[in-house]
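Because the structure is a prediction, the values reported are computed rather than measured. Order of appearance sets the numbers: ligands from 1, and atoms from 1 within every ligand.
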Amino acid sequence: MIPILKNIEIAPNIFEMTLEHPRLAKKLRPGHFVIVMASEDAERIPLTAADFDAEAGTVTLVIMAVGTSTKKIVKLQEGQQLFALMGPLGHPSEIENYGTVIMTAGGVGTAPIYPIAKELHRQGNRVITIQGAKTKELLFWQDKMSAVSNEYIITTDDGSAGRKALVTEPLREILEQRGSAGSGGEIGCVYMIGPAVMMKFCAQTAAPFGVKTVASLNSIMIDGTGMCGGCRVQIGHETKFTCVDGPEFDAEKVDWDVLLARQKMYCHEEQCSYRLYLDSTAEPPLPQTG
Ligand SMILES: Cc1cc2nc3c(=O)[nH]c(=O)nc-3n(C[C@H](O)[C@H](O)[C@H](O)COP(=O)(O)OP(=O)(O)OC[C@H]3O[C@@H](n4cnc5c(N)ncnc54)[C@H](O)[C@@H]3O)c2cc1C
Ligand code: FES
């Protein structure tokens with residue numbers, strides 16, 4: 001059982017939950033994820049370790065409530081306990097000296113990108129962050145992201161904050177103006193984390209510039225240990241499992257259409273599960289966020 005120290009809504013339907021877990025906090029590295037169970041009979045779901053403090057013994061998750069399991073987790077209050085938290089899982093991010101790196105975050109992808117940006121910045125890289133959301137209300141952690149960024153750009157789909165644009169627009173402009181390190185320019189790497197469709201278009205935007213690209217994939221997972229095959233993805237000509245081979249892969253090699261199709265595989269079951277959950281709790285349906 002894992003004590004919940006804090007659980008606050010930081011944007012509509014997006015929650016920051018801080019947990020007491022000193023052993024895990026010592027082992028986590030940027031890029032790691034954990035598997036969480038709200039209760040003994042709950043589904044196991046993957047969530048990124050969005051922040052961790054080895055000294056304080058705390059682990060922070062950022063959770064967007066999109067269905068039954070995430071909804072059950074965010075309903076837990078400070079002072080209550082999570083049934084289980086397993087990790088660290090996945091390979092940590094390869095933190096290198098890239099010179100200048102672009103961190104492209106979409107929606108709740110800001111949470112997993114934060115610890116990577118923080119470590120890249122700490123190790124002397126020049127970090128350019130592009131943080132995008134549908135609207136101003138859905139932006140979060142601007143203070144934390146700007147603190148680990150040398151340049152910080154916000155975009156919103158509706159123009160309610162920052163620039164009215166998709167994240168791909170400033171990404172293309174920066175790559176055009178400054179070029180990739182591989183061809184004598186400045187940008188050594190482009191990270192992208194967010195909805196699969198956003199990462200697909202970021203990868204396509206970066207491709208002509210010959211820059212290293214990294215995406216963290218959000219495949220549907222079941223066991224998180226490489227045994228079930230649920231999270232399989234196509235990377236170039238190879239089949240890989242996001243849980244044990246990833247979650248980070250060369251974005252230009254990812255078959256995004258396979259990932260997008262596999263994310264929709266259990267839509268019917270997810271909807272049935274959520275209807276049953278609503279019937280049992282008499283809660284209103286979730287707002288549409290992203
Ligand atoms: C390595 C990894 C790290 C992740 N980190 C985070 C995180 O830090 N914060 C966070 O909020 N979410 C994160 N996710 C996504 C999260 O695991 C899913 O949103 C969650 O499992 C959905 O469970 P549910 O029962 O609430 O919803 P479900 O009923 O399973 O699904 C509801 C809706 O969400 C979609 N969905 C389900 N699973 C995923 C998925 N993996 N990615 C995208 N859409 C999905 C479904 O297609 C459906 O439309 C991560 C996923 C992976 C693989
Ligand atoms: S979640 Fe089962 S193999 Fe990855």
Ligand 2 atoms in contact with [X] (distance to a heavy atom under 4.0 Å):
| X | answer |
| --- | --- |
| I222 | 1 (S) |
| G229 | 2 (Fe), 3 (S) |
| G224 | 1 (S), 2 (Fe) |
| M227 | 3 (S) |

May I ask whether [atom] is less than 4.0 Å from at least one protein heavy atom?
| atom | value |
| --- | --- |
| atom 5 (N) of ligand 1 | yes |
| atom 35 (C) of ligand 1 | no |
| atom 18 (C) of ligand 1 | no |
| atom 44 (N) of ligand 1 | no |

No-hydrogen, no-angle side-chain donor-acceptor test under 3.5 Å, [X] and [Y]:
| X | Y | result |
| --- | --- | --- |
| E137 | T135 | yes |
| T239 | Q234 | yes |
| T168 | T205 | no |
| T60 | T18 | yes |

For ligand 1, which part of S216 has a heavy atom less than 4.0 Å away: the side chain, the backbone, both, or neither?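 No part of S216 is near ligand 1 at this cut-off.
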Give me the atom names and distance for the closest heavy-atom approach of G132 to L139.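 Closest approach of G132 to L139: C-CD2, 4.5 Å.
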If you compare all heavy atoms of E96 against all heavy atoms of K212, which two are closest, and at what distance to 0.1 Å?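 The pair with the smallest heavy-atom distance is OE2-NZ, 4.4 Å.
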Stepwise side chain to side chain donor-acceptor pair (under 3.5 Å) test for E16 and W141: CA-CA 10 Å; E16 178 183 326; W141 280 15; 2.8 Å; yes
Considering non-hydrogen atoms of the protein only, which is the closest contact for [atom], and what is the distance?
| atom | answer |
| --- | --- |
| atom 50 (C) of ligand 1 | P46 O, 3.4 Å |
| atom 27 (O) of ligand 1 | G67 CA, 3.4 Å |
| atom 47 (O) of ligand 1 | Q263 O, 3.2 Å |
| atom 26 (O) of ligand 1 | T70 OG1, 2.4 Å |
| atom 3 (C) of ligand 1 | T48 OG1, 3.3 Å |
| atom 28 (P) of ligand 1 | E270 CG, 3.7 Å |
| atom 32 (C) of ligand 1 | V66 O, 3.4 Å |
| atom 38 (N) of ligand 1 | I220 CG1, 3.9 Å |

How far does [atom1] of [X] sit from [atom2] of [Y], to the nearest 0.5 angstrom?
| X | Y | atom1 | atom2 | value |
| --- | --- | --- | --- | --- |
| I128 | E151 | CD1 | CD | 4.5 Å |
| K75 | I73 | NZ | CD1 | 13.0 Å |
| K144 | S149 | NZ | OG | 12.5 Å |

Does even one non-hydrogen atom of S219 get within less than 4.0 Å of ligand 1?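 Contact present.
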Return yes when T242 approaches ligand 1 closer than 4.0 angstrom through a heavy atom, no otherwise.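 The answer is no, since T242 has no heavy atom less than 4.0 Å from ligand 1.
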Just by distance, do the side chain of [X] and the backbone of [Y] share a donor-acceptor pair under 3.5 Å?
| X | Y | value |
| --- | --- | --- |
| R126 | N150 | no |
| W256 | F201 | no |
| T48 | F33 | no |

Could you tell me which N, O or S atom of D223 is nearest to atom 2 (Fe) of ligand 2?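 Going by distance to atom 2 (Fe) of ligand 2, the closest N, O or S atom in D223 is OD1.
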Using heavy-atom distances only, which candidate in [options] approaches [atom] most closely?
| atom | options | answer |
| --- | --- | --- |
| atom 24 (P) of ligand 1 | C243, A38, S69 | S69 |
| atom 7 (C) of ligand 1 | V34, V108, V62, L259 | V62 |
| atom 4 (Fe) of ligand 2 | C231, G230, G226 | C231 |

Within 6.0 Å of CD in E55, more than 12 heavy atoms from elsewhere: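 Atom CD in E55 is not crowded, with 12 or fewer foreign heavy atoms closer than 6.0 Å.
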Taking atom CE of M227 as the centre, report whether more than 12 heavy atoms of other residues, nucleotides or ligands fall under 6.0 Å from it.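 Result for CE/M227: open.
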Of all the atoms in ligand 1, which lie at a distance below 4.0 Å from a heavy atom belonging to [X]?
| X | answer |
| --- | --- |
| I63 | 11 (O) |
| L47 | 4 (C), 5 (N), 6 (C), 7 (C), 9 (N), 10 (C), 12 (N), 13 (C) |
| E43 | 25 (O) |
| F33 | 1 (C) |

Assess whether side chain to side chain donor-acceptor pair (under 3.5 Å) is satisfied between Y191 and E248, documenting all intermediate values. CA-CA 9 Å; Y191 259 88; E248 292 179 6; 3.1 Å; yes
Any N, O or S atom of C243 closer than 2.8 Å to atom 4 (Fe) of ligand 2: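 For C243, the answer is yes, given that an N, O or S atom comes within less than 2.8 Å of atom 4 (Fe) of ligand 2.
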Would you call E173 and R163 a salt bridge, taking side-chain N to carboxylate O under 4.0 Å as the test?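 Here E173 pairs with R163 in a salt bridge, since their nearest N and O are under 4.0 Å apart.
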Are K136 and D158 close enough for a salt bridge, meaning some N to O gap below 4.0 Å?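 The answer is no: the pair does not qualify as a salt bridge.
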Structural part of R232 in contact with ligand 2, heavy atom criterion under 4.0 angstrom: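 For R232, no heavy atom sits under 4.0 Å from ligand 2.
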Pairs of nitrogen or oxygen atoms closer than 3.5 Å, one from A111 and one from ligand 1: do any exist?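 No, there is no polar N/O contact under 3.5 Å.
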Specify whether an N/O/S atom of C228 falls short of 2.8 Å from atom 2 (Fe) of ligand 2.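 Coordinating: yes.
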